[in-house]
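We use all heavy atoms of the structure for the numbers below, so side chains are in, but hydrogens, waters and symmetry mates are not.
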There are 2 protein chains.
Amino acid sequence: MDIDSIDRKIIDQLRMDGRRSFAVIGRNVGLSEASVRARYRRLSKAGIVQVVGMADAPKLGDIEVHVAIRVRGVTVASVAKQLVAIPEIKFVASAVGAYDLIVDLRCESVVHLSGILSERIRRVNGVHVVETLTVLEVMKDTYLWAGFREDSTPYTQQVIRRRTGAVAR
Amino acid sequence: MDIDSIDRKIIDQLRMDGRRSFAVIGRNVGLSEASVRARYRRLSKAGIVQVVGMADAPKLGDIEVHVAIRVRGVTVASVAKQLVAIPEIKFVASAVGAYDLIVDLRCESVVHLSGILSERIRRVNGVHVVETLTVLEVMKDTYLWAGFREDSTPYTQQVIRRRTGAVAR
DNA sequence: GGTGAAAGGCCCTAGAG
DNA sequence: CTCTAGGGCCTTTCACC
């Protein structure tokens, strides 16, 4: 699937603010609202972007754990497939490095966490080493920064535009 | 800051679909649209939720790296403070486990990645051990699942409501 | 904290280039 | 893939509880 520079601009806008309207995004990237929506649908269906609400687990009283797993004897994909099915696991990716799989999970309590680790993850055939890091405090969790590309149209501009009714371009 | 069960329901709705309208969320949680918006603003300003577009790095041709860092000689907070300032780093959290800090970063190329690792992260005073995992393929990255709470009003219901014009409740 | 009303903007589909 | 047009829904702000 091809992703052009306009697609990337749309993604950047959504990284900065997932609720920004397609009309505003269209103005910022120089496309009509309908086209932005069509592109978003395409990107969304392809699994390239998704707009989600992200919650700070510790602030909510939840427990977030980042797990690194080393696989032995079976394929990484077969282990991943079983982990994906566990609802508390929100992120699964294969990796190169000291471990083969990166898994993030979120749950209600240490009891719940313990159960998932010992009764679900460690029991998956092929899971050899499990390294667990429990999140204490999130210092930064942001997609606000658009990458190496410039944010030529900051959010404030959107607000000004609305207040004054002025229309650029 | 207090977070009640309605706040959690609102967060759950946004986890499932970050672009869901406040009007629909209000219907689903049994509150007026204005109230949902007010609660969202409060949660958002407190840094408890943020709605963002998430992009699949490998599919975009970007490189995503998950890093675990062990700190020695200085406080974890002082190291975190310096890492937070690096724009390519999108996630920083303190942790308990074999490492003290969890850092996720995203960049354009291996050259770019290498520069950040060797010239920025490793040069931070107190950074002792750096364990790097490069994401190959994302198998799951979802906040679709609302947690241990039930999703009593699936997205399809929203669609049906719109198509038929019927209004529940 | 919560609601409801009015004005304006946005969302979404359809149809055509 | 892009745009325009339109009806309906949503957002925003306000005054008020």
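As a whole-Å value, the separation of B/Arg20 CZ from D/dC10 C1' is 15 Å. Rounded to whole Å, the distance from CZ on A/Phe22 to C1' on D/dC3 is 17 Å. In this structure, A/Asp17 places its CG atom 13 Å from P of D/dT11, rounding to the nearest Å. Spacing between atom CD of A/Glu33 and atom P of D/dT11 amounts to 14 Å, rounded to whole angstrom units. As rounded to whole Å, 17 Å separates atom P of D/dC10 from atom OH of B/Tyr40.
No donor-acceptor pair under 3.5 Å is formed between the side chain of B/Arg15 and the backbone N or O of A/Val52. Using a distance-only test at 3.5 Å, with no hydrogens or angles considered, no donor-acceptor pair links the side chain of B/Arg8 to the main chain of B/Ile3.
When distances run from any side-chain atom of A/Ser21 to the nucleotides D/dT11, C/dC10, C/dG1, the shortest one goes to C/dC10. Nearest nucleotide to the B/Val24 side chain, out of D/dC10, C/dC11, D/dC3: D/dC10. Between D/dT11, C/dT3, C/dC10, one nucleotide has an atom nearer to the side chain of B/Leu31 than all others, and that is C/dT3.
The phosphate of D/dC1 has OP1 or OP2 within less than 4.0 Å of a side-chain N or O from A/Arg42. The side chain of B/Arg27 places an N or O atom within less than 4.0 Å of a non-bridging phosphate oxygen (OP1 or OP2) of D/dC10. Proximity of A/Ser35 to the phosphate of D/dC3: a side-chain N or O atom is located under 4.0 Å from OP1 or OP2. Phosphate proximity of C/dG1 to B/Arg39: absent, as no side-chain N or O sits under 4.0 Å from OP1 or OP2.
Contacts of B/Ala23 with the nucleic acid, taken as non-hydrogen atoms under 4.0 Å apart, involve only primed sugar atoms and P, OP1 or OP2.
Relative orientation of the A/Phe22 and A/Tyr40 rings is tilted, given thresholds of 30° and 60° on the angle between their planes.
Mapping A/Asp4 and B/Arg37 onto DNA chain D by nearest heavy atom places A/Asp4 closer to the 5' end of the strand. Projected onto DNA chain D by closest heavy-atom contact, A/Arg19 and A/Ala38 fall at different nucleotides, the more 5' of which corresponds to A/Ala38.
Under the 4.5 Å side-chain criterion, counting only non-hydrogen atoms from C-beta, B/Thr132 is not in contact with B/Leu113.
In this structure, the ring of B/Phe91 has its center less than 6.0 angstrom from the ring center of A/His66.
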